[in-house]
Amino acid sequence: MSEATDLSRRRLLQCLGLGAVAVAGVPEWLFAAGEQSSQDHQGQSEPDVEIGITAQPTEVPILSGRPTKVWKFSGELIKGPPGTVKDIPDSYLGPILRLRQGQKVRIRFHNKLPEPCVIHQHGLHVPEKADGHPRHQIGSGETSAYEFTVLDRAGAYWFHPHTNHRTAEQAYYGLAGLILVTDTEEQLLDLPRDEYDIPLVIQDRSFDDRNQLRYIAHMHDRWRGFLGDRILVNGKPDFVLPLATRVYRLRFLNGSNSRIYKLVWSDGSPLTVIGTDGGLLESPEIRNYVMLAPGERVDLWADFRGRKVGEEITLRSTVFSGVMPMMGMGGGMMGMGRGMRGGMMGMMGASLPQGTEYPILTARMVREEPDQRVLPRRLSQIQRYRPQDAANAQKPRSIHLSMRGMSPRLNGRSFELTRVAEDEIIPLNTLQLLEFVNRDHRARGMMMAHPMHIHGQQFQVLKREMAPGFERQYASVSQGFLDNGWKDTVLVMPGEKVTILKRFDHFTGLYLYHCHNLEHEDLDMMRNFLVQA
Ligand code: C2O
Ligand code: CU
Ligand code: CU
């Protein structure tokens, strides 16, 4: 980590300097309003659930032989129902937190890392002070508490650091964990539960010959996004899932820094999707493949009935194109000829490039088991937002994604700790029309896919529009987007404009939006919305 780490440390210091200036630029009452509002919701009362989370360096066995030095969240249930905190044995992944809608939660965070850290609850709608904004990061040896009520519906959410310029590396060295929320609507469905409901976190990592994690090796790993050469599931390589011949609920999180997956079953069986980032779909959707970008989740109904004991089926990522920079496609920095297929930079320095074919896990049938379960036709209710109800129905807020001189930007801007521009101020309790536009034609050769994420409430995708000239690559991914469910992260392809509808209710304060390619996030492809009463 040495050279790259040093660079980001220096940048962090610079940024903190700038940050102080920026804080002074924002009137104090804005922050006061945020705190007021969160207190309204949290009250002074005791939490139903209290969890201790410690981040610290440790070692875990990953490959055979020497253990691997990692950073890990470990959890401890201080108060609340048994089973709320469940460790994943021998993994660098943090514990799985099982919460229920309506619960009042307090997380006590203890930072035993040698550097600052902060925890973000990805996908949950919580008060700003509990949301893990980098301005709330704490130093080494310090503690802080996050208090929130679980407002969100049943679904798979997750927690990870959001430390200024250090998110990617901290997550890479292991800091991440799942939050599984349940609610009454979900409990009433006959979906597979307990050991038949399996969370699976997909990540890529690289190791040196001493079994130690290797992170950024070249500058292009940073601006393109880090790609590891091994796929891990729940922190393990060559992952095998022993199964009975029955129905399972498989819940995938793409916890990778920048790798995008195109999920297929090796025998060509379609995938039955029952949920997305923000929980259950209205009704199941059958897909030949599913795209899963960093930060996204997908919930599958996986029916292994009729298979034989001993049979194996592999979940793979299969071939797609168009997500990496097409250096040389008119205006590329190296002045190459047109159309390097697959994206020149997808290949450079990565021994397992984006968009190639490789296995993720093997499902092995180990025993027979009867199961009469029927796939529910109706899973949940989703109230569709209507564009005409948006407070800015006539004037969507456009967020232009760009990559100039190796620095990814949002509307030409970089992250400033507490600053917001005029167009980033959002009135509380409004529905907003937003569009992510990935059409920086002046730097066309640098265009790449960006998984765009917004903190706060889940949103709905209204439409996707593709600029002419991108059809052929787009056809390799476009059937894999799950735009009918609640989303907090959406993949925006080169040439694409994705329009979404999102509400900003309950809490005032600073809420981040950023690219969930974590190297891009750390390169400041992130901004604040200020939600203001
Ligand atoms: Cu999962 Cu702001 O991030
Ligand atoms: Cu988030
Ligand atoms: Cu990006």
Side-chain angles (χ1 to χ4, degrees), residues 94 118-126 128 130-137 146 148 152 155-168 170-172 175-179 201 203 220-227 253-260 277-278 293-297 323-325 343 345 354 399-404 406-411 414-415 436-438 440 443 446-459 486-494 496 498 502 510-529:
V118 64
I119 301 181
H120 165 57
Q121 345 290 331
H122 179 127
L124 293 181
H125 183 40
V126 300
E128 192 223 85
D131 194 47
H133 193 283
R135 80 187 179 98
H136 298 307
Q137 71 191 39
Y146 308 108
F148 58 91
D152 293 87
Y157 306 92
W158 61 302
F159 61 103
H160 62 74
H162 227 297
T163 317
N164 214 346
H165 298 149
R166 299 287 299 151
T167 297
Q170 291 185 354
Y172 182 75
L175 296 173
L178 279 163
I179 304 176
V201 181
Q203 295 171 310
H220 63 253
D221 283 340
R222 197 170 289 284
W223 62 260
R224 172 202 63 192
F226 173 85
L227 294 172
L253 158 67
N254 181 352
S256 312
N257 282 26
S258 88
R259 185 176 291 277
I260 300 166
D277 303 347
E296 288 186 306
R297 286 86 72 206
V323 303
M324 299 308 283
M345 298 317 286
Q354 280 278 34
I399 300 161
H400 291 266
L401 319 179
S402 63
M403 277 279 273
R404 295 286 173 80
M406 320 243 150
S407 72
R409 303 273 177 90
L410 299 172
N411 282 332
S414 292
F415 183 56
F436 293 114
V437 189
N438 195 356
D440 187 9
M446 298 295 290
M447 283 161 74
M448 61 181 285
H450 299 280
M452 295 305 303
H453 170 54
I454 314 184
H455 289 210
Q457 275 150 296
Q458 298 281 321
F459 55 77
W486 288 105
K487 296 290 293 169
D488 55 52
T489 307
V490 65
L491 187 64
V492 186
M493 293 290 290
E496 205 171 24
V498 181
K502 183 182 190 297
L510 293 178
Y511 285 87
L512 298 163
Y513 65 101
H514 59 90
C515 180
H516 219 289
N517 175 321
L518 293 183
E519 283 71 33
H520 286 184
E521 173 179 334
D522 280 357
L523 284 173
D524 285 333
M525 193 179 189
M526 172 157 75
R527 294 288 301 174
N528 291 302
F529 283 128

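Just so it is clear, the values below take in all heavy atoms, side chains as well, and ignore hydrogens, waters and symmetry mates. Atoms within each ligand, like the ligands themselves, are counted from 1 in listed order.
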Would you confirm whether Arg297, through its side chain, and Leu253, through its main-chain N or O, come within 3.5 Å as a donor-acceptor pair?
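Side chain of Arg297 to backbone of Leu253: no pair is present.
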
Is a donor on one side and an acceptor on the other found under 3.5 Å between the side chain of Asn411 and the backbone of His400?
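At least one qualifying donor-acceptor pair exists.
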
Which atom, counting only N, O or S, brings His120 closest to the Cu ion (ligand 2)?
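Nearest to the Cu ion (ligand 2) within His120's N, O and S set: NE2.
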
Is [X] salt-bridged to [Y], going by a charged N under 4.0 Å from an acidic O?
| X | Y | answer |
| --- | --- | --- |
| Glu296 | Lys487 | yes |
| Asp522 | Arg222 | no |
| Arg135 | Glu128 | yes |

Validation row, ring centre His160 to ring centre His516 under 6.0 Å:
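For His160 and His516, the ring centres are under 6.0 Å apart.
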
Pick from His453, His122, His514: which one makes a ring-ring contact (aromatic ring centres under 6.0 Å, His included) with His162?
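Result for ring-ring contact (aromatic ring centres under 6.0 Å, His included) with His162: His514.
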
Shortest non-hydrogen contact from Asp488 toward Gly295
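In this case the closest contact between Asp488 and Gly295 is OD1-O, 4.4 Å.
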
Got a sec: is [X] within less than 2.8 Å of atom 1 (Cu) of ligand 1 via an N/O/S atom?
| X | value |
| --- | --- |
| His122 | yes |
| His120 | no |
| His162 | no |

Is any N, O or S atom of His453 under 2.8 Å away from the Cu ion (ligand 2)?
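Checking the Cu ion (ligand 2) against His453, an N, O or S atom does fall under 2.8 Å.
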
Which residues and atoms, counting only protein N, O or S, are under 2.8 Å from the Cu ion (ligand 3)?
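Short answer, with waters excluded from the count: His450 ND1, Cys515 SG, His520 ND1.
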
